[in-house]
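Since the structure comes first, as structure tokens, the remarks are kept for the end.
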Amino acid sequence: MATTNAPVIVVTGGGQGIGRAIALRFARGGYDIVVPDRNPATAQETADAAHQLGVHALALELDVANRDQVREVFSRIDDEFGRIDVLVNNAAVFLRETIEKSTDDVIDQTINVNFRGVLDCTRAAIPTMKRRPGGCIINAASILGQFPDVGLGVYGMTKTAVALLTRILAGELAPYGIRCNAYQPAVTDTPMVHNIIVERPDQKLEQIPLRQFGKPEQIAALCWFLAGSDAEYITGQVVPCDGGSGRCSDQ
């Protein structure tokens with residue numbers, strides 16, 4: 001078990017994009033970092049960057065859609081650190097296809113990663129988190145859970161489910177001092193959605209009153225707030241970080 005008394009954050013899918021930005025924001029704040037990711041190489045890159053910030057960091061290979069792997073990884077985290085102060089369920093897949101043309105594999109993968117993965121990682125983390133009141137779970141929702149886009153229906157449905165799960169967990173875990181919230185971005189400049197930015201930049205920017213795509217560091221700053229003492233009375237919320245998308249107009 002690690003000898004440090006530093007708080008510990010677990011960021012699934014922390015090997016790149018929003019997940020990496022979140023992990024490094026918390027590393028700068030003194031958290032020890034655990035980075036479970038399907039790609040062990042990118043997870044290690046995030047861990048190495050966190051090491052350079054002076055904290056303990058552990059990269060682990062994890063496909064959140066694999067329930068047995070989830071149990072094994074969270075058991076190892078418990079053995080290694082003995083605590084989880086913040087869990088960020090960030091891992092997701094972004095597969096574009098209409099409902100009619102979606103294959104069984106596309107539907108299964110999207111549901112298993114984006115929703116069931118969140119559910120299973122949370123279930124695996126709760127026993128460890130219950131040992132220390134004041135913990136925080138942060139889930140990755142999406143504006144597409146509210147304002148669907150053609151070709152991203154299955155993705156949007158999983159994010160709607162994540163938003164509901166967030167509210168349910170907030171109620172269930174409140175007696176243990178564990179808060180649960182979600183961040184809800186619009187198009188954020190990450191490798192996962194790079195094709196949309198390249199293919200339809202003008203169209204997508206027209207939907208954002210601030211006329212700019214989100215940055216991973218902006219989501220990371222929101223997560224830092226949600227996990228901190230300034231947000232100790234906030235739970236069960238899905239918090240937009242989307243430049244005003246779908247909610248206001250500059251016209």
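Scope of the values below: all heavy atoms of this structure, side chains included, with no hydrogens, waters or symmetry mates. One-based numbering along the sequence shown.
The side-chain heavy atoms of Q184 and V239, taken from C-beta on, include no pair separated by under 4.5 Å.
Side-chain contact check for Q109 and D105: no donor-acceptor pair (N or O, by modelled atom type) lies under 3.5 Å.
A pairwise comparison of heavy atoms in A49 and L24 identifies CB-CD2, 3.8 Å as the closest pair. For N181 against Q237, the heavy-atom pair with the smallest separation is OD1-N, 2.9 Å. When all heavy atoms of A57 and A47 are compared, the pair lying nearest together is CB-O, 3.5 Å. Between G29 and W224, the shortest heavy-atom contact is CA-CH2, 3.5 Å. Across all their heavy atoms, N89 and N139 have their closest contact at ND2-OD1, 2.8 Å. The minimum heavy-atom distance between G15 and V35, with the atom names listed, is N-CG1, 3.9 Å.
Taking CD1 of I77 as the start and CD of E72 as the end, the distance is 12.0 Å to the nearest 0.5 Å. Rounding to the nearest 0.5 angstrom, the gap separating the CD1 atom in I138 from the CG atom in L222 is 7.5 Å. In this structure, OG1 in T128 is found 4.5 Å from CD1 in I84, a value given to the nearest 0.5 Å.
Here R123 pairs with D120 in a salt bridge; the nearest charged N to carboxylate O distance falls below 4.0 Å. Looking at D85 and R83, a side-chain N of the basic residue comes within less than 4.0 Å of a carboxylate O on the acidic one, giving a salt bridge. Electrostatic pairing of E45 and R20 counts as a salt bridge here, judged by a charged N lying under 4.0 Å from a carboxylate O.
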Practice task
Please test T12 against D37 for side-chain contact (heavy atoms from CB on, under 4.5 Å), starting from the C-alpha separation and ending with a verdict.
Solution key: CA-CA 6 Å; T12 67; D37 196 288; over 6 Å; no

